[in-house]
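In this text, all values refer to a predicted model and were calculated from it rather than measured experimentally.
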Amino acid sequence: QVQLVESGGGLVQAGDSLRLSCAASGRTATGHNMGWFRQAPGKERVFVALISWSGSNTYYAESVKGRFTIARDNAKNTVYLQMNSLKPEDTAVYCCAATRGWSSSPGQYDYWGPGTQVTVSS
């Protein structure tokens with residue numbers, strides 16, 4: 001089992017920055033690629049970013065490319081999502097998830113955190 005807990009969400013204004021963290025624990029936490037997803041009220045969960053176990057490969061949704069950066073520190077078992085130039089349409093619950101694969105599909109992820117709310121006011 002892998003346990004994931006997100007933190008760092010909050011209420012910010014458009015144009016502001018925010019950094020989310022995802023702390024992983026559990027006997028099988030190592031070796032997983034990690035993704036961030038978001039879900040706005042009344043909408044489906046959508047892919048945001050993905051990073052490989054080594055950190056050498058990343059992949060972003062077009063909507064966040066150039067504004068968001070995913071990174072990880074395996075010594076701390078933590079994955080980060082740096083979000084810059086935030087827009088009101090970025091408002092959502094952000095969840096991290098772990099996968100052994102390389103996919104933007106939520107169905108390919110085995111473990112999920114409960115999420116952290118990000119609200120961007122205009």
Side-chain angles (χ1 to χ4, degrees):
Q1 283 282 10
V2 176
Q3 291 81 42
L4 303 173
V5 179
E6 303 91 342
S7 61
L11 172 63
V12 297
Q13 294 186 333
D16 285 351
S17 298
L18 208 57
R19 189 177 80 158
L20 306 182
S21 298
C22 171
S25 62
R27 192 161 57 90
T28 58
T30 58
H32 283 82
N33 300 323
M34 297 294 296
W36 283 96
F37 290 79
R38 66 186 182 187
Q39 187 168 18
K43 296 188 177 180
E44 293 185 350
R45 180 178 289 173
V46 296
F47 169 78
V48 175
L50 173 62
I51 188 166
S52 62
W53 162 246
S54 67
S56 59
N57 293 302
T58 59
Y59 176 54
Y60 296 92
E62 285 297 323
S63 60
V64 305
K65 196 174 293 185
R67 298 189 299 123
F68 291 11
T69 302
I70 189 171
R72 67 189 300 164
D73 184 342
N74 287 340
K76 297 182 178 179
N77 291 320
T78 302
V79 178
Y80 304 97
L81 185 67
Q82 177 67 42
M83 305 186 295
N84 298 329
S85 302
L86 283 162
K87 305 174 182 179
E89 50 264 43
D90 293 320
T91 295
V93 174
Y94 284 72
C95 296
C96 64
T99 179
R100 291 288 188 182
W102 187 256
S103 173
S104 61
S105 173
Q108 298 301 311
Y109 288 73
D110 303 307
Y111 305 101
W112 292 83
T116 184
Q117 176 71 47
V118 173
T119 303
V120 185
S121 63
S122 57

Distance, nearest 0.5 Å, that separates [atom1] of [X] from [atom2] of [Y]:
| X | Y | atom1 | atom2 | answer |
| --- | --- | --- | --- | --- |
| Y109 | H32 | OH | NE2 | 11.0 Å |
| C96 | M34 | SG | CE | 4.5 Å |
| S52 | R72 | OG | CZ | 7.0 Å |
| S121 | Q13 | OG | CD | 5.0 Å |
| Y94 | L81 | OH | CG | 7.5 Å |
| L86 | T119 | CG | OG1 | 10.5 Å |

Got [X] and [Y] here, is their nearest side-chain heavy-atom distance under 4.5 Å?
| X | Y | value |
| --- | --- | --- |
| T91 | Q117 | yes |
| R38 | V118 | no |
| D110 | V2 | no |
| R19 | M83 | no |

Residues passing the ring pair (Phe, Tyr, Trp, His ring centres under 6.0 Å) test with F47, sequence neighbours excluded, are F37, Y59
| Cut-off 3.5 Å, side chains only: do N84 and S17 have a donor facing an acceptor? | yes
side-chain hydrogen bond (donor to acceptor under 3.5 Å, both in side chains) filter on E44, not counting sequence neighbours, yields none
Nearest heavy-atom contact between P88 and S122 is CG-CB, 3.8 Å
Closest heavy-atom pair, W36 versus L20, reported as atoms and distance to 0.1 Å, is CH2-CB, 3.7 Å
**Asked** Stepwise, does the side chain to side chain contact (heavy atoms under 4.5 Å, CB included) test hold for Q3 with V5?
**Response** CA-CA 7 Å; Q3 291 81 42; V5 179; 5.7 Å; no
Is the backbone N or O of S54 less than 3.5 Å from a side-chain atom of N74, with the two atoms forming a donor-acceptor pair by type? no
Note to self: Hydrophobic clustering (ILVMFWY, side-chain heavy atoms < 4.5 Å, transitive) - are Y111 and V79 grouped together?
What the structure shows: yes
Can you get from V48 to I70 by hopping between Ile, Leu, Val, Met, Phe, Trp and Tyr side chains that sit under 4.5 Å apart?
yes
Taken in chain and number order and not counting sequence neighbours, the residues that satisfy side-chain contact (heavy atoms from CB on, under 4.5 Å) with D73 are A75, K76, Y80
